[in-house]
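For reference, the structure is listed below as structure tokens.
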Amino acid sequence: MSPGIAIGRAHLVSHATLEVAHYQVREKAIAAEIERFDQAVAAVRSELDTLHGEASLPGTPSEVAAFVGIHAMLLEDPLLSEMPKELIRERRCNAEWAVVQQMEQLVEQFEEIEDSYLRERKHDVVQVVERIIKALMGKPRKLGRRGKDEDLIIVAHDLSPADTIQFKNLKIGGFVTDLGGATSHTAIVARSLAIPAVVGLHHARPLVREDDLLVIDGSRGVLIVEPDERVLDEYRLRKSELELERSKLKRLKTARSATLDGEEIGLFANIELPQDIEQVKAVNADGIGLFRTEFLFMNRAELPDEDEQFDAYRSVAKAMAGKPVTIRTLDLGADKTSKAMAGAGRQAPNPALGLRAIRYCLAEPQMFLTQLRAILRASHYGNVRMLIPMLAHAAEIEQTLAMIEQAKAQLRESRHKFDENIRIGGMIEIPAAALALGPFVKRLQFLSLGTNDLIQYTLAIDRTDESVAHLYDPLHPAILRLVSQTITAGNHMDVPVAVCGELAGDPAMTRLLIGMGLRQFSMHPSQLLEVKQQVVMSDADQLTLKVGRLLRLEEPDRLRDQVEKLNAA
């Protein structure tokens, strides 16, 4: 999902593969039909070349170029560019039907692949074929312009992130897709472009007609088709209230981030790509608390080399002009995979508990050393810190620190400059780490609580499984105790502790965390000013006393009541 409310008219991105006729062509017309197919492929190739050029423009999320590259690669595959011509010759069929038959065979092959990332590439095949069919039918896949005062809400069964490039040139209110999830390509691009979106609705596309009036609430995952006046008025009011609140919050941009009793609270931003820096600056964050580097590795056939990574990390470090930049090493695995990963075709029985994050990096030392060198080189250009994900064992800390020293030695030998005293931190996201913090506070310079995974692992709940999602509870007494114990231990040993999971960006949790002793929050830039609003209205000393009593409660209902009272005070 991508938050916000949009009200506008539906523009359907047709799923052209469902609209193809089947007819025979005359023997003497076969050569012309093949030529028509070749011209369509050439038109799509030109279209993708143009999109690739636009994807290189400043301000365009860099992953879009990777998506376009995948489509260009599929287009050149003989199974799509040559086999349909064989079908046209053998069966004397029209080009549209031939390419759809070939697509269906390819999709079946992809569906048999065990690896979830590769299996999902069947959607890229469908999108490429849709482009070919649009070209054959004389309908290039372009989004039409509407009147000045009309928003467009794009509705599609699936939507290629490459298509979102065109959103910047049109007045787009938002978009809706049947496929996808909160971490899908389209949702990620939507958030990076600040476009409200609702994805994964399953059956929205067949229910919506062109020019239907739509309301989408990206925050709640709601789509309303042809609302009545009462509902429309309600959402117009909510939209204007949201815009007014956001406008008011902007006044806090330059305000000191401190509680009423003078306790300084660091408010940092999470980013996924270097382009996110503009959003970070817009809210005047105290620095980057989490740079998720895995997004540089995803959706591409080859791993980024050292120089490419170095350029990305350096650009962020320089842009932050001395403010801290915490770069997390690769957290690939579980729901985040890279086509270029070694063993990408291996289907783990339980990916969330398998070879991911630091475990994967230590198993692939050359790849890990490449990233470590790139981060170290970038440290010469700013206040860079390094964060290691999913640590659980003292041995993993020692192995990681040894590899960092090895990377430093390699850079000294090649005469590259770097910060010899770069600060190294560890993520606390496994209960074992939270319960045995000794090696962490002794060997590392800072800690960061990854509450998303900490909750998942503590409560034994797959947070991507809808059937148990209702049990995912940040206010479970066990979760609060683990978080509180980690913050207290860090403060006692003078090791800074931050929270970088969803809890940090939830304004309803801000006072609770301050009362636990937390002084560093890291969140999506769009959440920062709301959290700052809670900070400047809080009294840290009073909250410490109240939260101390609250943490002794065992009954979930009483605990929730007390958290609500904290926020009402």
Side-chain angles (χ1 to χ4, degrees), residues 256-268 289 427-438 440-441 446-461 470-523 527-528 530-569:
R256 178 183 170 218
S257 181
T259 61
L260 294 170
D261 54 338
E263 197 70 39
E264 296 282 348
I265 306 293
L267 298 180
F268 296 81
M427 289 198 73
I428 307 299
E429 49 193 338
I430 297 176
L435 292 168
L437 281 167
F440 291 83
V441 294
F446 66 96
L447 303 177
S448 189
L449 272 156
T451 53
N452 301 349
D453 274 333
L454 184 64
I455 296 168
Q456 172 173 249
Y457 293 134
T458 304
L459 301 182
I461 292 168
H470 63 287
L471 298 172
Y472 186 84
D473 183 10
L475 289 177
H476 190 290
I479 302 299
L480 297 186
R481 286 175 189 168
L482 287 175
V483 172
S484 178
Q485 288 171 16
T486 303
I487 294 169
T488 301
N491 291 342
H492 179 70
M493 295 294 292
D494 200 25
V495 175
V497 178
V499 169
C500 64
E502 291 298 310
L503 260 64
D506 185 350
M509 302 295 286
T510 304
R511 294 187 179 189
L512 176 63
L513 292 169
I514 290 174
M516 289 180 180
L518 186 70
R519 298 297 179 262
Q520 291 185 21
F521 295 68
S522 191
M523 67 211 77
Q527 300 167 318
L528 193 141
E530 282 188 79
V531 171
K532 182 183 271 193
Q533 187 176 47
Q534 292 298 315
V535 168
V536 299
M537 295 190 299
S538 300
D539 185 302
D541 282 343
Q542 289 184 17
L543 287 173
T544 301
L545 295 172
K546 292 177 180 178
V547 171
R549 292 193 293 268
L550 179 153
L551 291 173
R552 291 194 288 269
L553 298 175
E554 296 282 354
E555 302 85 355
D557 289 343
R558 284 192 62 198
L559 201 153
R560 290 179 189 283
D561 288 343
Q562 291 303 311
V563 171
E564 287 180 12
K565 288 180 181 177
L566 276 184
N567 294 323

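Because only heavy atoms are used, hydrogens play no part in the values below, and waters and symmetry mates are left out as well, while side chains stay in. In this text the structure is predicted, and so the values were computed from the model without any measurement.
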A side-chain contact here means heavy atoms from C-beta on lying under 4.5 Å apart; do [X] and [Y] qualify?
X      : Y      : answer
Leu449 : Leu482 : no
Leu459 : Ile479 : yes
Ile428 : Val497 : no
Leu475 : Met509 : yes
Leu543 : Thr259 : no
Leu480 : Leu559 : yes
Asp453 : Ile430 : no
Ile461 : Ile455 : no

Provide the full list of side-chain hydrogen bond (donor to acceptor under 3.5 Å, both in side chains) pairs with a residue in [range], sequence neighbours left out, each pair given once.
range            : answer
residues 555-569 : Asp473-Arg560
residues 535-550 : Arg511-Ser538
residues 482-496 : none

Nearest non-hydrogen partners of [X] and [Y], listed with the distance:
X      : Y      : answer
Leu260 : Met537 : CD1-O, 3.7 Å
Tyr457 : Pro431 : CB-CD, 3.6 Å
Glu263 : Ala540 : CB-CB, 4.0 Å
Ala433 : Phe440 : CB-CZ, 3.5 Å
Ser522 : Ala504 : O-CB, 3.3 Å
Gly505 : Met523 : CA-CB, 3.7 Å

[X] [atom1] to [Y] [atom2] distance, which is reported to the nearest 0.5 Å:
X      : Y      : atom1 : atom2 : value
Asp506 : Gln534 : CG    : CD    : 9.5 Å
Thr458 : Arg481 : OG1   : CZ    : 13.0 Å
Leu513 : Arg519 : CG    : CZ    : 10.5 Å

Task: Glu530: partners by side-chain hydrogen bond (donor to acceptor under 3.5 Å, both in side chains), with sequence neighbours left out - done: none
[X]: partners by side-chain contact (heavy atoms from CB on, under 4.5 Å), with sequence neighbours left out:
X      : value
Pro496 : Arg423, Phe446, Gln520
Ala489 : Leu437
Ala258 : Arg256, Glu264
Val441 : Leu447, Met493, Val495

Task: Phe521 vs Val499, side chain to side chain contact (heavy atoms under 4.5 Å, CB included): CA-CA, chis, key distance, verdict - done: CA-CA 5 Å; Phe521 295 68; Val499 169; 5.7 Å; no
